[in-house]
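To start, the structure itself, in structure tokens.
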Number of protein chains: 2
Amino acid sequence: MSVAQTLDQRIREDIERNIRSGAWRPGDRIPFEHELVAEYGCARATVSKALTALSRAGLIERRRKAGSFVAHPHVQSAVLDVPDIGSVIAARGDAYRFELLKRGERKHAAGDPLEAAGAMLTIEGVHHAAGEPFGHEQRLISLAMVPQARDVDFTAEAPGSWLLGHVPWSEARHRIAAVPADARLARLLGIAPGTACLQLERWTWQLGKEVTWVRQTFPGDRYDLVAQFTPQSR
Amino acid sequence: MSVAQTLDQRIREDIERNIRSGAWRPGDRIPFEHELVAEYGCARATVSKALTALSRAGLIERRRKAGSFVAHPHVQSAVLDVPDIGSVIAARGDAYRFELLKRGERKHAAGDPLEAAGAMLTIEGVHHAAGEPFGHEQRLISLAMVPQARDVDFTAEAPGSWLLGHVPWSEARHRIAAVPADARLARLLGIAPGTACLQLERWTWQLGKEVTWVRQTFPGDRYDLVAQFTPQSR
DNA sequence: GAGTGGTCTAGACCACAAA
DNA sequence: TTGTGGTCTAGACCACTCC
């Protein structure tokens with residue numbers, strides 16, 4: 001199953017799994033570096049590399065003389081999030097529906113936004129709010145990471161919503177741009193070609209491995225993104 | 001500035017300075033690891049740590065057998081950061097200029113995006129990259145919070161750059177949308193009316209008090225926003 | 001084949017905070 | 001004072017890729 005992996009990545013993922021599973025709670029001390037060195041039979045620099053990465057990711061906090069501890073999640077800063085579009089629309093008081101346009105399965109191809117996936121599920125659909133098109137979605141799901149997605153009926157539940165409920169993610173990346181609607185998109189969304197649209201691409205990882213990529217496109221007057229944050233010090 | 005600095009940080013900053021200043025252009029090969037080892041008289045692991053950090057930050061690209069190269073920057077910046085547009089453009093290797101269109105001072109008015117400010121500085125200008133318009137900026141600065149802004153020459157330094165260097169901030173909020181360019185904006189940026197543009201509004205606070213508001217508008221094909229993040233618990 | 005970066009080892013000294 | 005993490009050294013082997 002697991003392909004070639006560096007030792008520091010393996011240590012990092014082992015610890016990350018313990019934290020995300022809840023086995024290690026916020027505030028718990030994780031093993032000392034020298035204990036991990038003994039456990040993995042490796043050099044201290046290798047353990048330190050893994051812990052440094054976890055610290056930079058905000059999962060642990062390291063204190064001299066005391067050890068390393070599972071970080072208390074930040075309470076204050078509402079930053080970016082992976083939203084469930086259905087919930088957003090429902091919260092607005094509109095009826096929500098996901099229209100599945102295409103569903104397929106294929107091998108990874110050169111130029112795919114997911115880099116290292118084997119077989120992939122491809123999904124295209126349109127989100128509707130109050131009976132009107134709200135946004136378009138093109139998605140890839142790694143079947144190596146999420147084999148159970150093969151058996152899901154995405155006419156009943158939007159893929160984003162299903163993934164949020166069934167697959168944990170540990171890291172995500174957004175790319176946001178403004179694009180004009182091309183002819184096909186304009187027809188699907190019921191807007192004029194060239195209309196300014198907000199395009200959101202999102203890559204999602206679980207323990208360092210790609211889970212899904214999605215490109216969502218919304219007419220500019222129907223969707224805003226908001227982020228509130230504090231300066232980064234790390 | 002800080003005196004205590006680790007060697008790998010110093011190496012990293014030296015290289016970063018060479019890139020941002022334009023001394024090393026995108027595509028240029030930077031010194032091999034063994035050359036940097038000789039230059040700094042340190043171990044290869046220390047050089048490698050610095051280069052790994054630069055690679056993760058997207059400033060360089062490393063290729064086996066070939067060496068490390070100054071990355072061709074995507075024009076993108078993080079959603080969770082307050083970027084200095086001048087630095088972003090300089091990092092891309094283009095000449096940067098801020099064109100001040102209007103500057104004024106007035107009392108707070110109803111409907112202003114800054115709510116509780118008294119006297120405010122109003123600034124409008126255009127960011128230029130390589131001699132071409134890159135983005136438009138409309139800004140308000142609270143003179144109650146930043147009285148020294150009265151005496152700054154914003155034809156010499158863009159207001160965003162000056163503020164980042166002189167006024168600390170403790171909280172910021174972004175609102176991102178896609179909008180079509182209106183006639184005036186299209187003229188200022190040299191684009192067709194209706195062109196899809198990325199519009200970024202940012203409110204910045206210091207210790208709970210509003211410092212500045214800015215609305216920046218970029219043609220959609222010239223600017224991306226990127227955010228990388230991990231889940232928030234609850 | 002040759003030379004690069006990627007990773008790792010088995011030490012070392014230091015700064016700092018906890019005991 | 002003690003033990004932890006932070007940084008660094010001087011090697012090593014490997015994988016990849018350019019020649």
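Since the model is a prediction, treat every value here as computed from it, not as a measurement. Naming convention: chains lettered A, B, ... in sequence-line order (proteins, then strands); numbering from 1 in each chain. For the numbers below, each heavy atom of this structure counts, side chains included, while hydrogens, waters and symmetry mates do not.
- In the region residues 44-53 of chain B, proximity to DNA chain D at under 4.0 angstrom, judged on heavy atoms, holds for B/Arg44, B/Ala45, B/Thr46, B/Lys49.
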Under 3.5 Å between N/O atoms: give me all the protein pairs with nucleotides 15-19 of chain D, atom names plus distance.
{"unit_1": "D/dA15", "atom_1": "N3", "unit_2": "B/Arg64", "atom_2": "NE", "d": "3.3"}

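- A/Arg106 CZ to A/Met120 CE: the interatomic distance, rounded to the nearest 0.5 Å, is 4.0 Å.
- Residues passing the salt bridge (charged side-chain N to carboxylate O under 4.0 Å, His left out) test with A/Arg150 are A/Glu105, sequence neighbours excluded.
- By the 4.0 Å N-to-carboxylate-O rule, A/Arg184 lies close enough to A/Glu124 to be salt-bridged with it.
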Stepwise ring pair (Phe, Tyr, Trp, His ring centres under 6.0 Å) test for B/His127 and B/Phe98:
CA-CA 5 Å; B/His127 301 273; B/Phe98 180 71; 5.1 Å; yes
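- Listed for the B/Thr195 side chain is no donor-acceptor partner under 3.5 Å among the backbone atoms of B/Ile191.
- Using a 30° and 60° split on the angle between ring planes, B/Trp162 and B/Phe154 fall in the perpendicular class, above 60°.
- For A/Ala66, the side chain to side chain contact (heavy atoms under 4.5 Å, CB included) partners are A/Arg63, A/Phe69, not counting sequence neighbours.
- A nucleotide of DNA chain C counts as in contact with chain B when one of its atoms lies under 4.0 Å from a heavy atom; the first and last such, 5' to 3', are C/dA2 to C/dT7.
- With A/Glu35 contributing its side chain and A/Phe32 its backbone, the two residues share a donor-acceptor pair below 3.5 Å.
- For B/Asp151, there are no side chain to side chain donor-acceptor pair (under 3.5 Å) partners, not counting sequence neighbours.
- Here the side chain of A/Asp14 pairs no donor or acceptor atom with the backbone of A/Ile11 at under 3.5 angstrom.
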